[in-house]
A.B. asks: 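One structure coming up, written as structure tokens, with questions to follow.
In what follows, chains carry the letters A, B, and so on, assigned in the order in which the sequence lines appear, proteins first and then strands, with residues in each chain numbered from 1.
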Protein chains: 2
Amino acid sequence: MTISEVSKRCNISPDTLRYYEKVGLLSDVNRTAGGIRDYTEQDCAQIEFVKCMRSAGLSIEILRKYFELFKRGKRTLKARRELLATERKALQGRLEELQDTLKRLDYKISVYDKAIASKDKELKF
Amino acid sequence: MTISEVSKRCNISPDTLRYYEKVGLLSDVNRTAGGIRDYTEQDCAQIEFVKCMRSAGLSIEILRKYFELFKRGKRTLKARRELLATERKALQGRLEELQDTLKRLDYKISVYDKAIASKDKELKF
DNA sequence: GTATCAGTTTGAGTTAACTCCAAGTCAAGC
DNA sequence: GCTTGACTTGGAGTTAACTCAAACTGATAC
């Protein structure tokens with residue numbers, strides 16, 4: 001698969017794909033004789049993983065560490081498991097915070113609905 | 001309240017408080033005769049609101065717009081309500097995405113646990 | 001009455017994560 | 001054999017949201 005095919009499929013710009021590779025989120029992408037990247041299904045799956053984790057707020061630095069551990073082989077299985085567990089915990093924390101904020105927004109919107117219904121009474125902020 | 005008191009109470013640096021004020025997330029903070037900021041409880045509540053919304057991913061720009069509408073008075077009640085509703089929707093979307101990612105992380109961690117238990121079999125990434 | 005300290009302003013610097021650009025290469029079509 | 005178009009690289013530029021620095025001021029402690 002060429003970079004533009006992967007770009008379309010994963011909805012990530014070619015520049016970002018090259019950037020991810022450069023910073024170590026995608027190692028040893030195959031090249032054609034002419035030096036052009038030739039992504040495998042495996043690569044795509046990994047890119048999807050990165051995309052998913054990035055959108056959940058995991059930093060490039062953390063993902064870089066994860067794949068660096070990966071390259072060191074089986075003996076880092078536990079370390080990788082712990083890294084993921086740590087990030088999972090943080091994610092759960094963010095999730096709970098967001099849930100609270102969602103409730104707060106719902107409440108605020110309901111206050112607005114009341115103010116609008118009752119002849120435009122103003123609120124504090 | 002001085003800036004350092006608010007800073008401690010809200011756990012936001014004085015620099016950030018001044019920055020928020022400068023970009024319009026906090027208008028007309030009182031000053032002492034000597035020109036020093038003197039925050040009210042109201043100001044604090046607003047700062048907490050900003051902090052909460054920021055941590056939920058609302059941009060400074062969106063919050064700036066919200067408070068700008070606020071300054072224009074009662075006739076912007078509906079517009080503010082709509083702005084909040086839009087952000088609420090986006091937040092809910094992010095929340096759902098994060099929930100999926102949490103599940104994915106849980107699954108991946110369980111795969112690691114299996115690999116670690118079964119004599120260190122390696123995974124794909 | 002001067003040293004200290006918490007505040008002030010303006011403007012520059014930082015960080016993460018891209019995103020863009022220029023100059024070059026290679027394979028395919030005509 | 002030349003043009004075209006998709007790719008390559010290295011490095012510079014961008015954006016959001018702070019964060020820091022320098023020079024200054026006003027009130028309190030001694």
A.B. asks: Scan for salt bridge (charged side-chain N to carboxylate O under 4.0 Å, His left out) pairs involving residues 74-83 of chain A, sequence neighbours excluded, and state none if there are none.
C.D. replies: A/R80-B/E122, A/R81-B/D113
A.B. asks: For B/E41, enumerate each residue passing the salt bridge (Lys or Arg N to Asp or Glu O under 4.0 Å) test, keeping only those at least two apart in sequence or located in another chain.
C.D. replies: B/R9
A.B. asks: For the pair made of CZ in B/R64 and P in D/dC18, what is the distance, rounded to whole Å?
C.D. replies: 15 Å
A.B. asks: Can you tell me the distance, in whole Å, between the CD atom of A/E21 and the C1' atom of D/dT9?
C.D. replies: 12 Å
A.B. asks: Between protein and nucleic acid, restricted to nucleotides 1-3 of chain D and to nitrogen or oxygen atoms under 3.5 Å apart, what atom pairs and distances do you find?
C.D. replies:
none

A.B. asks: Does B/R31 make a side-chain N or O approach to OP1 or OP2 of D/dG26 shorter than 4.0 Å?
C.D. replies: no
A.B. asks: Could you pull out all residues at least two apart from B/R37 that satisfy salt bridge (Lys or Arg N to Asp or Glu O under 4.0 Å)?
C.D. replies: B/E21
A.B. asks: Please report the distance, rounded to the nearest Å, between CG in B/L25 and C1' in D/dC18.
C.D. replies: 13 Å
A.B. asks: Within the 4.5 Å heavy-atom criterion, are A/L58 and A/Y66 side-chain neighbours or not?
C.D. replies: no
A.B. asks: Go through residues 1-12 of chain B and report each residue with a non-hydrogen atom lying under 4.0 Å from DNA chain C, sorted by number.
C.D. replies: B/T2, B/I3, B/S4
A.B. asks: If the condition is side chain to side chain contact (heavy atoms under 4.5 Å, CB included), which residues does B/S59 pass it with, not counting sequence neighbours?
C.D. replies: B/E61, B/I62
A.B. asks: A/Q99: what forms a side-chain hydrogen bond (donor to acceptor under 3.5 Å, both in side chains) with it, not counting sequence neighbours?
C.D. replies: none
A.B. asks: Report the distance from atom CZ of B/R18 to atom P of C/dT10, rounded to the nearest whole Å.
C.D. replies: 12 Å
A.B. asks: So if I define the base as every atom that isn't primed, P, OP1 or OP2, how would nucleotides 12-30 of chain C read as a B/S/- string at a heavy-atom cutoff under 4.0 Å?
C.D. replies: -----BBBB-----S----
A.B. asks: Excluding sequence neighbours, so at least two apart, what forms side chain to side chain contact (heavy atoms under 4.5 Å, CB included) with B/E48?
C.D. replies: B/C10, B/K51
A.B. asks: Given the rule that I, L, V, M, F, W and Y join up when any side-chain heavy atoms are under 4.5 Å apart, are B/L102 and A/L98 in one cluster?
C.D. replies: yes
A.B. asks: Report yes if a side-chain nitrogen or oxygen of B/R37 is closer than 4.0 Å to either non-bridging phosphate oxygen (OP1 or OP2) of C/dG7; otherwise report no.
C.D. replies: no
A.B. asks: What residues, two or more places apart in sequence or in another chain, satisfy side chain to side chain contact (heavy atoms under 4.5 Å, CB included) together with A/S13?
C.D. replies: A/D15, A/T16
A.B. asks: Does anything in residues 100-125 of chain B form a ring-ring contact (aromatic ring centres under 6.0 Å, His included)? List the pairs, not counting sequence neighbours.
C.D. replies: A/F49-B/F125
A.B. asks: Check side chain to side chain contact (heavy atoms under 4.5 Å, CB included) between B/K89 and all other residues, then give those that pass, not counting sequence neighbours.
C.D. replies: none
